[in-house]
*Asks:* 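This is the structure, below, for whatever I ask next.
Note: hydrogens, waters and symmetry copies are ignored here, and every other heavy atom, side chains too, is used.
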Amino acid sequence: MKRMMITALVLLWAGWSAAAVPDEDGSHLWLRLGSANTTATITGVKGTAMDELQTYWQGGPVTLKKQKGIAKEGYTIKSQDGKTVVAAASDAGLLYGAYHLLRLQATGQPCEQLDIREQPFYDLRILNHWDNPNGTVERGFAGKSIFLNPDPARMKMYARANASVGINGTVLNNVNAKPEALSTASLEKAKGIADQLRPYGIRVYLSINFASPIKVGGLKTADPLDAEVRAWWKDKVNEIYKLIPDFGGFLVKANSEGEPGPQDFGRTHADGANMLADVLKPHKGIVMWRAFVYAPQSPDRANQAYLEFMPLDGQFRDNVIIQIKNGPVDFQPREPYSPLFTAMQKTQMMVEFQLTQEYLGAANHLVYLAPMWQEFFSFVKPASLRAMAGVANIGDDINWCGHHFAQSNWYAFGRMAWNPELSPEEIAYEWVRQTLVDDPDKLPITTTAKNIQGRLTAIYGQVCGALLDLMLSSREACVNYMMPLGLHHIFAGNHHYGPEPWYSPRGVRADWTPPYYHKADDIGLGFDRTLKGSANVKQYPDELCRLYNDISTCPENLLTWFHHVPWDYRMKSGRTFWDELCHKYDDGVHEARRFLAIWDAMQPYIDAQRFNEVQRKLRIQARDSEWWRDACLLYFQTFSKRPIPQDVEHPVHNLDEMQKFRIPISMYENPESGYTK
């Protein structure tokens, strides 16, 4: 009812009119800052922080000063003697303090009587770019790599955007690393990028191919215990640090999906990680060693990372961090957390989130991810982690992320890496205020409307409320119209955009096909990971093991993740499992349509360019949601042999028609092209 009222009020409110809002292309992200007050004086420590305030601060005098006793990268902001004092122990701290002030200004918060003390929760807050040497971006939906031919203006904007939310590290290349990433020419290019990012407190890192001593160095082996191999890495690391003195270190994907690694030479992940850690240690560099590993022979892919890494707990050097995806499979719309996070007690860990929407509708679907990340932190204590990494959703598209709302996930990642206790609501409000909706006093309104400022402010509040409703509901809606009740990985075979729960061609390894995960048969649906099945539940703490193992206590949003659920199993709603599945899919479709209706009501308040571009995406999303629902229900119905409930919208296509439907691969690689069903 509340959602309907918000939408209706925005639609029906009368008594004011707005002049045309100037078009914007999204290139300024959330940094849509006006020019500075020319009478304001910014004094103190010169540098990037002062430059930002001199360009954009519209308030009174500000003093920047260095002060001991403040945490690394932290800052204080205090109002005293008629001015605002920003103090920090480092240039980075001053910059973050300056951006805090500018954020208060941009979101209409009071900028007087301030007494703020902030410091980042994590020292390492890092974007992982999956960019390739030829400029393509793996799982990228926003154009080509911004690092292919780095444009200074674009690099400056990228650096400012990251610094404004506290991101302090960038991995420049794909985890499926090409050996040439360590060539001298590539390192010279990385140096140029590092030089442009350094003034904004951002260090660069590189993904490496573990076989580089062979493929780049010409050695016969990449065995981490071989003396020649260790010497080669030492020389290569020294070369890097001569070019980039503040180089951060290496990100490594090894012995996963065909990538080379220490196991190729009879060694362990610890052997490989520690060899690299030893050569980086003198330079204060780190190794981020990914735990994303699985093999075709595994009876349950969700078990393998635990099985490979738990025996090594406590064997890694102190400058090695194990980088673990938030879930045990692969960035699904909903997964339980990876059990490694609560199992490993003697090893530094960092979580890897995915900003780019590989499994959530690419750059076509509006899915705000902060609620997903908050769900993760409800199980994994933030203090148990050393760092946060996010797989970037950034490309050379003019709006950076392919979808204007996808910018919110870049923003939210940075804010949560700075403070994981910030709520999705707080972060969404900040982003909306800075990106889409300005202060009421700044709206281009007619003279008549100014006489009813109170009503205008009320409308403005409803606009923000409606947009927050849309964002905060979007992740759960996506889960419902794609894979509700714990379903996972039932995507199309050649890409991860649409549904193909039937995809199982001959010769393709089982764990690359949906039937491996959904196990549909005439009894029911879902992967049995109980103690009687793959025993994945045993990898979780005893309390959760008992909870997940019992179908009557397992959370219903993870039911088919842990159980093969009978079609007639009685759900908490009173419906059978089959009927509940049908209703969940249908709920998702109706939510996607509601999002479009909410956005349509925003037309008077959003510039025409961004309004039209988002509207087009939301129409695709609403259409895709029907595709997901119809394809999945028609397919699973062949097993359940049960009718779709009368109060659920019935498919208008037949299953054979859905199975023949294909989207052009160019559409997946470039979602802006759209498609016709």
*Asks:* Under a 3.5 Å cutoff, is there a donor and acceptor pairing between the side chains of Gln659 and Tyr635?
*Replies:* no
*Asks:* Quick check on ring-ring contact (aromatic ring centres under 6.0 Å, His included): which of Phe491, Phe331, Phe141 does Tyr359 satisfy it with?
*Replies:* Phe491
*Asks:* I'd like to know if Arg570 pairs up with Glu580 as an ion pair, taking the criterion as any Lys NZ or Arg NE/NH1/NH2 lying under 4.0 Å from an Asp or Glu carboxylate oxygen.
*Replies:* no
*Asks:* Provide the closest heavy-atom pair for Pro420 versus Pro382 in the form atom of the first, atom of the second, distance.
*Replies:* CG-CB, 3.7 Å
*Asks:* Which pair of non-hydrogen atoms, one from Val137 and one from Gly143, has the smallest distance, and what is that distance?
*Replies:* CG2-O, 3.9 Å
*Asks:* Tell me whether Glu556 is salt-bridged to Lys584, with the criterion being a basic N under 4.0 Å from an acidic carboxylate O.
*Replies:* no
*Asks:* If only side-chain N and O atoms count, and only distance matters, is there a donor-acceptor pair under 3.5 Å linking Asn399 with Gln407?
*Replies:* no
*Asks:* What residues, two or more places apart in sequence or in another chain, satisfy salt bridge (charged side-chain N to carboxylate O under 4.0 Å, His left out) together with Asp330?
*Replies:* Arg301, Lys325
*Asks:* Between His590 and Tyr481, do the side chains contain an N or O donor and an N or O acceptor separated by less than 3.5 Å?
*Replies:* no
*Asks:* Using ring centroids (six-membered ring only for Trp), state whether Tyr548 and Tyr540 fall under 6.0 Å.
*Replies:* yes
*Asks:* In terms of the angle between their ring planes, are Phe353 and Trp373 parallel, tilted or perpendicular, with boundaries placed at 30° and 60°?
*Replies:* parallel
*Asks:* Check the orientation of His489 and Tyr517. Use parallel for under 30°, tilted for 30 to 60°, and perpendicular for over 60°.
*Replies:* parallel
*Asks:* Do any N or O atoms from the side chain of Asp607 and from the backbone of Glu24 form a donor-acceptor pair under 3.5 angstrom?
*Replies:* yes
*Asks:* Under 3.5 Å, is there a donor-acceptor pair between the Ser534 and Asp300 side chains?
*Replies:* yes
*Asks:* Glu430 and Gln434: side-chain donor and acceptor closer than 3.5 Å?
*Replies:* no
*Asks:* Taking the ring of Trp418 and the ring of Phe413, is the distance between their centroids below 6.0 Å?
*Replies:* no
*Asks:* Residues two or more places apart in sequence or in another chain: which of them pass side chain to side chain donor-acceptor pair (under 3.5 Å) with Asp521?
*Replies:* His564
*Asks:* Does a donor on one side chain sit under 3.5 Å from an acceptor on the other, for His583 and Asp647?
*Replies:* yes
*Asks:* Answer with yes or no whether the side chains of Glu426 and Ser423 bring together a donor and an acceptor at under 3.5 Å.
*Replies:* yes
*Asks:* Between Glu335 and His488, is there a side-chain donor-acceptor contact under 3.5 Å, judged purely by atom types and distance?
*Replies:* no
*Asks:* Run the side-chain hydrogen bond (donor to acceptor under 3.5 Å, both in side chains) check on Trp400 and Asn393 step by step: do they pass?
*Replies:* CA-CA 8 Å; Trp400 294 88; Asn393 60 351; over 6 Å; no
*Asks:* Side chain of Lys617, backbone of Gly402: donor and acceptor closer than 3.5 Å?
*Replies:* yes
*Asks:* Does the gap between the ring centers of Tyr569 and Trp578 come in under 6.0 Å?
*Replies:* no
*Asks:* Are the aromatic rings of Tyr337 and Phe376 close, with centres under 6.0 Å apart?
*Replies:* no
*Asks:* Are Trp628 and Tyr497 close enough that their ring centers fall under 6.0 Å?
*Replies:* no
*Asks:* Classify the side-chain pair Trp567/Thr576 by whether it contains a donor and acceptor separated by less than 3.5 Å.
*Replies:* no
